[in-house]
Colleague: 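Please read through the structure below; I'll follow up with questions.
Throughout, a chain's letter reflects where its sequence line sits, starting with A, and its residues are numbered from 1. The basis for the numbers below is simple: all heavy atoms, side chains too, and nothing from hydrogens, waters or symmetry mates.
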Number of protein chains: 2
Amino acid sequence: MSATVRQAPVIKVVPEPENLPEPLPEPAVGELRLETVLGALSDPLRLRIVRKLLLDSEAFDHSCGWFGLDRPKSSLTHHFKALREAGITRQRQYGLERRSHVRVDDLNSRFPGLVDLVAAWTPPDTP
Amino acid sequence: MSATVRQAPVIKVVPEPENLPEPLPEPAVGELRLETVLGALSDPLRLRIVRKLLLDSEAFDHSCGWFGLDRPKSSLTHHFKALREAGITRQRQYGLERRSHVRVDDLNSRFPGLVDLVAAWTPPDTP
DNA sequence: TCCTATGTACGAGTTTAATCGTACTGCATG
DNA sequence: CATGCAGTACGATTAAACTCGTACATAGGA
């Protein structure tokens, strides 16, 4: 168990980019397309990822392994990339790991209510 | 402001099935799945169909040809069926034509806000 | 320095979906 | 009753996406 996911500060809506790695390539807010976002969210695994980020994360970014998904790493890369390219998540490189968080403000401004729908979703087979 | 998509339930939630043809097979309200609905809405053509039904229809069902889509008939059948099987539209057979309307109440009760997102959507290339 | 852990890149196999031509059904009207 | 019309059913083709194995890159620590 190496380090747990512990990290220090309670911040997260961090205003200062100086100590933060640059986000990976992503669409700007104005470029978000409803059909693309819906397509990205139509996959149960990705829906679960976004929902977990919304519900279980306090205010931090989370790395791939935090989600506890039993899929090959290359599959996870695929889905995290799909979410980022659709504009749903933002990813930053922290040393080795690539951490994600949901672009809640961007999504709420362009598609109000959508984030709440995902948060209220119940997975098909999870107790 | 223009009306939001809500309009009076006076008509449209027709209570009497006696003078109405039976709806074609469709999922019940409780069976609606967010991932399926989002998948059905991730297609621009279907998004356009649903949006037109929401905005331009008064309270009636509309047949395939009403939409003015320049696609082969078999393609339209495919998409209308996808919408119905996802639970987004209801279809009834009126003599020759099969008319559709959006299950607004069902969608609002299970996925509040989703219908408004579709109504507010702007097609990629339509003037 | 080597080793491990995190994650990517690439490529192949499989599945799913979109698109559409053609043939068909059934009503409705002349 | 024959013709036209609205739409489906079926099948083939094509394109996209999911899934995953393998190989590779890198940061951090023993």
Colleague: Could you encode protein contacts along nucleotides 12-27 of chain D as a string, one character per nucleotide from 5' to 3', using B for base contact, S for sugar-phosphate-only contact and - for no contact, with a heavy-atom cut-off of under 4.0 Å?
Modeller: ------SBBB----BB
Colleague: Just how far, in rounded Å, is P of C/dT8 from CD of A/Glu97?
Modeller: 11 Å
Colleague: Check the pair A/Leu114, A/Asn108 against side chain to side chain contact (heavy atoms under 4.5 Å, CB included), reporting the backbone distance first and the verdict last.
Modeller: CA-CA 7 Å; A/Leu114 182 58; A/Asn108 275 333; over 6 Å; no
Colleague: Given atom CZ of A/Phe80 and atom P of C/dT6, what is their separation to the nearest angstrom?
Modeller: 13 Å
Colleague: Without decimals, in angstroms, what is the distance between B/Leu83 CG and C/dA17 C1'?
Modeller: 14 Å
Colleague: Which whole-number value in Å describes the distance from B/Phe67 CZ to D/dG7 C1'?
Modeller: 14 Å
Colleague: Separation of B/Leu76 atom CG from C/dC20 atom C1', in whole Å?
Modeller: 11 Å
Colleague: Less than 4.0 angstrom between a side-chain N/O of B/Arg98 and OP1 or OP2 of D/dT8, yes or no?
Modeller: yes
Colleague: Nearest whole angstrom, please: distance from the P of D/dA6 to the CZ of B/Arg99.
Modeller: 12 Å
Colleague: Return the value, rounded to whole Å, for the distance between atom CG of A/Leu69 and atom P of C/dG7.
Modeller: 11 Å
Colleague: If you define the side chain from C-beta out and look only at heavy atoms, does anything of A/Val29 sit under 4.5 Å from A/Asp105?
Modeller: no
Colleague: Counting side-chain heavy atoms from C-beta on, which of C/dT8, C/dT6, D/dT8 comes nearest to B/Thr77?
Modeller: D/dT8
Colleague: Under 4.0 Å between a side-chain nitrogen and a carboxylate oxygen: does that hold for A/Asp56 and A/Arg51?
Modeller: no
Colleague: Establish, from distance only, whether the side-chain atoms of A/Ser100 and A/Gln91 form a donor-acceptor pair under 3.5 Å.
Modeller: yes
Colleague: Excluding sequence neighbours, so at least two apart, what forms ring pair (Phe, Tyr, Trp, His ring centres under 6.0 Å) with A/Phe111?
Modeller: none
Colleague: Please state how far atom CD in B/Gln93 lies from atom P in C/dT25, giving the value in whole angstrom units.
Modeller: 16 Å
Colleague: So, are B/Arg48 and B/Asp43 salt-bridged, with charged N and O less than 4.0 Å apart?
Modeller: no
